[in-house]
Amino acid sequence: MSLRDFEASLIALSKDYDARLQRRGETAIAVPWRSEDDFEACFASLRSTMIADELRVALLDFGCGTGDLYRLALRAKNPAIDYVGVDAGERALGFARAKFPGGAFRRLDPSEREWGQLEADYCVVASLFTSK
């Protein structure tokens with residue numbers, strides 16, 4: 001897959017997710033997980049993997065959607081997480097910003113290639129590939 005094809009796929013996924021959020025509201029199935037339980041299990045696993053020590057970590061949530069990984073990061077035992085959520089979908093980011101006014105959420109346009117300049121200790125791309 002070429003870089004241009006990858007960028008086009010990210011844009012198409014973003015539009016699909018925004019349409020699902022508009023139709024179904026903010027639910028795990030809207031973004032689309034098979035169930036709320038699958039969604040929670042995935043994020044619980046991520047949290048236990050990356051937040052196992054006491055070090056300050058920079059966490060990039062690529063395709064952050066409505067910001068649910070940020071919610072789990074806030075609940076983690078290790079409070080030293082510098083979280084940045086990025087997404088191409090404006091509707092999803094609207095949900096994230098409304099839920100977490102203090103969170104760092106950025107809109108990223110894949111065609112502008114600014115995503116290649118992001119840096120973090122961990123980059124999570126969890127929900128981005130749950131759509132076919």
Side-chain angles (χ1 to χ4, degrees):
M1 173 182 279
S2 72
L3 182 57
R4 183 163 292 181
D5 290 340
F6 178 70
E7 292 163 354
S9 294
L10 288 178
I11 291 168
L13 280 172
S14 171
K15 289 178 181 178
D16 179 56
Y17 283 8
D18 275 357
R20 289 170 183 268
L21 286 167
Q22 183 174 6
R23 284 193 314 271
R24 298 182 181 182
E26 186 187 1
T27 64
I29 294 169
V31 288
W33 289 85
R34 287 181 295 189
S35 70
E36 294 283 340
D37 289 340
D38 284 354
F39 176 75
E40 290 294 329
C42 174
F43 283 112
S45 175
L46 288 170
R47 187 177 88 183
S48 67
T49 300
M50 76 184 149
I51 308 169
D53 55 34
E54 296 299 319
L55 300 175
R56 177 169 282 294
V57 296
L59 171 62
L60 173 63
D61 188 2
F62 191 88
C64 67
T66 61
D68 287 302
L69 184 57
Y70 183 63
R71 174 178 44 87
L72 292 178
L74 290 173
R75 284 194 277 169
K77 292 178 183 175
N78 177 4
I81 299 171
D82 296 322
Y83 174 96
V84 175
V86 296
D87 204 287
E90 199 56 53
R91 184 174 303 277
L93 287 172
F95 278 106
R97 290 175 180 136
K99 288 190 306 189
F100 308 107
F105 297 100
R106 291 180 40 197
R107 183 175 186 289
L108 210 59
D109 182 346
S111 65
E112 293 180 11
R113 297 188 182 168
E114 60 188 301
W115 52 270
Q117 299 169 8
L118 298 169
E119 294 183 24
D121 298 313
Y122 294 95
C123 179
V124 176
V125 187
S127 297
L128 190 60
F129 300 111
T130 58
S131 183
K132 293 183 180 180

Which atom of Tyr83 lies closest to which atom of Leu69, heavy atoms considered: CE1-C, 4.3 Å
Where Leu60 and Ala120 come nearest, the two heavy atoms and their spacing: CB-CB, 3.6 Å
Set of residues satisfying side-chain contact (heavy atoms from CB on, under 4.5 Å) with respect to Ala104, sequence neighbours excluded: Val84
Partner set under side-chain contact (heavy atoms from CB on, under 4.5 Å) for Asp37, not counting sequence neighbours: Ser35
Which atom pairs, donor and acceptor, lie under 3.5 Å between side-chain atoms of residues 93-102 and protein residues at least two apart or in another chain?
residue : atom : partner : partner atom : Å
Arg97   : NH1  : Glu90   : OE2          : 3.2
Arg97   : NH2  : Phe105  : O            : 3.1
Lys99   : NZ   : Glu26   : OE2          : 2.3
Lys99   : NZ   : Thr66   : O            : 2.9
Lys99   : NZ   : Asp68   : OD1          : 3.2

